[in-house]
Each structure stands twice: as C-alpha cells, then as structure tokens.
Peer 1: 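Sharing a structure with you now.
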Protein chains: 2
Amino acid sequence: MTVMDTTGTHVDSCAGPPHADRRPDGQDRYTISEVAALTGLTAHTLRWYERIGLMPHIDRSHTGQRRYSNRDLDWLGLVGKLRLTGMPVADMVRYAELVREGDHTYGARFELLKATREGVRARIAELQDTLAVLDRKIDFYGDAGRALASEGAVL
Amino acid sequence: MTVMDTTGTHVDSCAGPPHADRRPDGQDRYTISEVAALTGLTAHTLRWYERIGLMPHIDRSHTGQRRYSNRDLDWLGLVGKLRLTGMPVADMVRYAELVREGDHTYGARFELLKATREGVRARIAELQDTLAVLDRKIDFYGDAGRALASEGAVL
DNA sequence: TAGAACCTTCGAGTGCGCTCCAGGCAAGCG
DNA sequence: CGCTTGCCTGGAGCGCACTCGAAGGTTCTA
C-alpha cells in the first residue's frame with residue numbers, strides 16, 4: 001500500500017509522449033502556472049478540476065501553494081485524452097474516485113476503461129460514416145454539382 | 001432557377017440511407033411530431049432549428065402548422081451527421097445561409113465542406129491516438145496491473 | 001522597500017445546445 | 001357542446017464545462 005517507488009518510468013507509460021520540458025522525478029514540483037503552460041489548461045481550470053474531485057491530492061508548499069508532480073502531469077495527460085473523446089467530466093471524476101479508493105477498485109477501473117474504449121471505437125465508426133457522406137457530397141459538387149444545384153437539389 | 005423537378009432521386013443521394021418509413025415524393029407532408037419520431041429530435045428542437053435559421057423555409061398547412069417534405073428530412077439527415085462531428089450549430093447555420101443565397105455560393109459551400117471533411121479526419125486521428133492510449137492502459141491492467149497498482153502507479 | 005507577479009478562496013458569469021413552460025388556437029369525436 | 005389532442009408562439013430555464021472577477025496574502029526582483 002505504501003508508495004515507496006517514485007523513480008520508476010512505468011508511471012509514465014500510460015499518458016502518451018512525455019512532455020519535453022519536464023523535470024526529472026525528484027525535482028518535479030511545478031507551480032500551477034507552470035502546469036498551465038505545460039498542459040494548455042488555465043490555472044482556473046486546474047483549481048476547478050481539483051474542487052470537483054478530478055485530481056488526486058496535490059502536494060502543497062510550506063506556504064500552501066500547489067506543487068504538481070510528474071505523476072500529476074501524467075494524470076492530466078490522461079484526462080486531456082479522455083476529454084477529447086467527449087467523456088463527461090463526471091465520468092472522469094468517477095474514475096478518479098476509483099483510483100483514490102485503492103486496489104480493490106481494480107476490476108471496476110478495468111471495466112470502465114474497456115467500456116470507454118468501446119465508446120471511442122463507436123465514435124470513430126460514426127465519424128467514418130459521416131466522412132463517407134461528406135466525400136459523396138464533395139464528389140457531387142466536384143462532378144456535377146453546379147448543374148444539379150440549379151435543379152433544386154439540397155446540397 | 002425554377003424548381004420543376006421534385007421527383008428525382010438525386011436529392012436523396014447525399015444524406016445516407018433514406019429512412020424506411022418515408023412517404024413517396026408528392027405525399028411528403030409530415031407533421032412536426034412525425035418528423036420528431038423519424039429523426040429522434042424533439043418538436044421543440046425542430047422549431048428551435050427553424051428559429052435560428054438552420055432550416056430552409058418549412059411549408060405550412062392552411063392552419064399554419066408545419067408540413068415537412070422529404071427534402072427537409074434529407075436536410076435534417078445532413079444536419080444530424082454534421083452534429084455528430086461536433087460542428088457548432090452556428091457553422092451549420094452559415095452553411096444553411098449559403099444554400100438559401102443560391103447558386104453563386106457554390107464555391108463557398110464546396111470549400112466549407114472540404115474544410116469540414118479535414119476537420120473530421122483530424123478528429124478521427126485524434127480519437128485513434130486516444131484509442132492507442134486506452135489500449136496501452138488496458139494491456140497494462142490485464143498484464144501486470146494488479147502488481148503495479150500496489151506500487152503506486154497512476155492507473 | 002516598493003512594486004510586480006504570483007498565489008489563495010469563493011462565487012458569479014458565459015456560451016452552447018437544447019428543453020420546457022404558459023397561454024392560446026384549431027380539428028376531431030362522443 | 002365540451003373534451004381531448006396536437007400544434008402554435010415567445011420567452012425563460014437548465015446542465016455542462018469552463019471562465020473570470022474580487023479581495024486579499026506571499027514571494028521575487030530592483
């Protein structure tokens with residue numbers, strides 16, 4: 001249960017390419033504005049994520065300021081990806097809760113990830129379908145659109 | 001300029017598979033609730049689409065009720081597809097305006113469709129990227145997740 | 001030691017895409 | 001004739017995901 005190992009690289013293995021201007025583990029104490037610059041989120045949004053329970057506990061300096069770790073950046077990377085899929089923030093909060101609750105939620109998290117993956121796959125299929133519609137429409141315009149348009153077709 | 005031909009099937013050729021329970025052209029005067037059932041949108045939403053300029057002019061019965069045509073359904077089919085891509089309603093309104101403005105907007109519409117297509121392609125790429133992240137995470141869980149989770153990795 | 005630049009919290013505001021309500025009209029039916 | 005059903009309009013309200021402002025404390029640079 002205790003977290004002894006903070007040097008392993010496996011922590012990073014799940015959040016895409018690690019950001020270039022990251023500090024090595026051990027000196028990874030970023031201010032909120034540094035994290036904002038790194039992630040593209042605003043400081044406001046980062047604090048809001050914390051308020052709604054989307055972040056793990058963020059370390060604080062002796063004066064109470066947030067100090068983000070590399071692991072926090074990894075988490076934000078994952079959140080960013082999930083956000084791109086259109087996953088509602090509430091669902092991500094649910095996942096964050098499972099992580100906080102510890103090992104016994106392992107199965108639930110696994111299932112949630114798999115369900116999310118299926119959702120993303122379905123979304124991709126949907127978009128490819130839409131792409132086909134657009135392709136047909138664009139061909140239509142390219143080939144004979146001008147003539148057909150004047151006949152009243154809804155282009 | 002005059003719209004003589006309403007019997008051609010080419011009108012339909014751009015909006016995916018035609019809905020099964022459609023009436024043949026000529027008897028295509030659907031009430032708002034029929035269209036709601038056919039499209040999955042609510043009557044409220046259909047009226048709202050009209051208010052914001054997303055629909056062409058919808059025909060009315062002698063008592064002022066809306067009567068949608070097959071062409072209107074085609075248009076709603078396209079709108080539905082574009083909505084799936086995440087295109088903002090405002091952009092779709094812009095496209096609708098171009099259609100209303102007539103043939104001379106042909107080029108603009110063509111460009112807009114091509115830009116939209118590129119947007120969809122980019123979105124698909126993004127999702128595939130996310131899918132890869134999820135796949136890695138899921139493998140991780142499946143292979144050694146339980147052990148690593150107890151070491152403190154952010155899964 | 002001044003001032004800028006950063007941080008904190010709380011709470012209100014914004015933009016989008018609906019979603020719903022109130023109040024009223026018109027048609028069909030027993 | 002009254003009742004129900006379906007439709008009309010204009011406008012208010014809602015949920016989401018931020019986004020920003022106010023008021024005040026702290027830390028860095030000259």
Side-chain angles (χ1 to χ4, degrees), chain A residues 29-55 57-69 72 75-97 116 119 123 126 130, chain B residues 28-55 57-69 72-73 75-97 116 119 123 126 130:
Chain A
R29 289 175 64 76
Y30 308 88
T31 67
I32 199 167
S33 57
E34 285 169 336
V35 175
L38 249 44
T39 61
L41 299 166
T42 68
H44 280 302
T45 301
L46 287 168
R47 292 189 202 104
W48 178 69
Y49 277 3
E50 210 175 318
R51 269 212 304 276
I52 64 174
L54 186 51
M55 297 298 296
H57 177 75
I58 302 295
D59 202 21
R60 298 295 179 122
S61 73
H62 68 105
T63 54
Q65 296 187 359
R66 288 171 184 80
R67 291 294 179 261
Y68 291 81
S69 67
D72 297 328
W75 176 256
L76 283 169
L78 175 64
V79 165
K81 285 290 182 200
L82 293 179
R83 219 165 34 113
L84 285 180
T85 71
M87 180 188 275
V89 166
D91 291 5
M92 291 190 267
V93 170
R94 177 74 195 122
Y95 184 72
E97 278 165 2
T116 302
R123 186 102 187 78
E126 224 172 50
T130 302
Chain B
D28 52 338
R29 290 173 63 76
Y30 308 88
T31 67
I32 198 168
S33 55
E34 285 170 336
V35 175
L38 249 43
T39 61
L41 299 167
T42 69
H44 284 302
T45 301
L46 287 167
R47 292 190 202 102
W48 178 68
Y49 277 3
E50 210 174 317
R51 270 214 300 272
I52 65 174
L54 186 50
M55 297 299 294
H57 177 75
I58 302 295
D59 201 22
R60 297 294 180 119
S61 73
H62 69 104
T63 54
Q65 296 188 359
R66 288 170 183 81
R67 291 294 178 263
Y68 292 81
S69 67
D72 297 328
L73 292 183
W75 175 256
L76 283 169
L78 176 63
V79 165
K81 285 291 181 199
L82 293 179
R83 218 166 35 112
L84 286 180
T85 70
M87 180 188 274
V89 166
D91 290 5
M92 290 190 268
V93 169
R94 177 75 195 124
Y95 184 72
E97 278 165 1
T116 301
R123 187 100 186 80
E126 223 173 52
T130 302

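Worth saying up front: this structure is predicted, and the values here are computed from it rather than measured. Lettering of chains follows the sequences in order, A, B, ..., and the numbering in each one begins at 1.
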Peer 1: Can you tell me which nucleotide in dT8(C), dC8(D), dA27(C) comes closest to the side chain of R47(A)?
Peer 2: dT8(C)

Peer 1: Between Y49(B) and dC18(C), does any side-chain N or O lie under 4.0 Å from OP1 or OP2?
Peer 2: yes

Peer 1: If you apply the rule side-chain contact (heavy atoms from CB on, under 4.5 Å), what do you find for L38(A) with Y68(A), and how did you get there?
Peer 2: CA-CA 11 Å; L38(A) 249 44; Y68(A) 291 81; over 6 Å; no

Peer 1: Whole Å only: how far is the CD1 atom of I52(A) from the P atom of dC18(D)?
Peer 2: 8 Å

Peer 1: Over how many whole Å does the gap from L82(B) atom CG to dG17(C) atom P extend?
Peer 2: 13 Å

Peer 1: Go through dA17(D), dC7(C), dG17(C) for me and flag the one nearest to the V89(B) side chain.
Peer 2: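 Among the listed nucleotides, the one closest to the side chain of V89(B) is dG17(C).
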
Peer 1: Does R47(A) use its side chain to pair, donor to acceptor, with the backbone of T42(A) at less than 3.5 Å?
Peer 2: no

Peer 1: Taking 4.0 Å as the cut-off, does a side-chain nitrogen or oxygen of R66(B) come that near to OP1 or OP2 on dC7(D)?
Peer 2: no

Peer 1: Base, sugar-phosphate, or nothing: which does R60(B) touch, judged by heavy atoms less than 4.0 Å apart?
Peer 2: sugar-phosphate

Peer 1: Hey, does R83(A) reach any base, or is it just sugar-phosphate, or nothing, if we go heavy atoms under 4.0 Å?
Peer 2: sugar-phosphate

Peer 1: Starting at atom CE of M87(B), determine the distance to atom C1' of dC16(C), rounded to an integer number of angstrom.
Peer 2: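 To the nearest whole Å, that distance equals 16 Å.
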
Peer 1: In whole Å, I'd like the distance from the CE atom of M92(B) to the P atom of dG17(C).
Peer 2: 7 Å

Peer 1: Between protein and nucleic acid, restricted to nucleotides 19-23 of chain D and to nitrogen or oxygen atoms under 3.5 Å apart, what atom pairs and distances do you find?
Peer 2:
| from | atom 1 | to | atom 2 | distance (Å) |
| --- | --- | --- | --- | --- |
| dC20(D) | N4 | H44(A) | ND1 | 3.2 |

Peer 1: Evaluate T31(B) against R67(B) for side-chain contact (heavy atoms from CB on, under 4.5 Å), listing each step before the verdict.
Peer 2: CA-CA 5 Å; T31(B) 67; R67(B) 291 294 178 263; 3.7 Å; yes

Peer 1: For the residue pair L76(B) and Y49(B), what are the closest heavy atoms and their distance?
Peer 2: CD2-CD2, 4.0 Å

Peer 1: For the pair made of CD in Q65(B) and C1' in dC7(D), what is the distance, rounded to whole Å?
Peer 2: 4 Å

Peer 1: Considering just the side-chain nitrogens and oxygens of T31(B), establish if one lies under 4.0 Å of OP1 or OP2 belonging to dC7(D).
Peer 2: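 For dC7(D), OP1 or OP2 has a side-chain N or O of T31(B) closer than 4.0 Å.
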
Peer 1: Nearest-Å distance, CZ (R29(B)) to P (dG6(D))?
Peer 2: 19 Å

Peer 1: CG of L54(B) versus C1' of dC16(C): gap in Å, rounded?
Peer 2: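 My rounded result for the distance is 14 Å.
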
Peer 1: If you look at every heavy atom in S61(A) and R29(A), which pair is closest and at what distance?
Peer 2: CA-NH2, 3.9 Å

Peer 1: How close do A36(B) and L46(B) get, counting heavy atoms only, and between which atoms?
Peer 2: N-CD1, 3.8 Å

Peer 1: Kindly point out which of dC18(C), dC7(D), dC7(C) is positioned nearest to the side chain of S33(A)?
Peer 2: dC7(C)

Peer 1: Kindly indicate, with the supporting measurements, whether the criterion side-chain contact (heavy atoms from CB on, under 4.5 Å) is fulfilled by Y30(B) and D72(B).
Peer 2: CA-CA 10 Å; Y30(B) 308 88; D72(B) 297 328; over 6 Å; no

Peer 1: Rounded to whole angstrom units, what separation is found between the CD1 atom of I32(B) and the C1' atom of dA26(C)?
Peer 2: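 Atom-to-atom, I32(B) to dA26(C), this comes out as 16 Å.
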
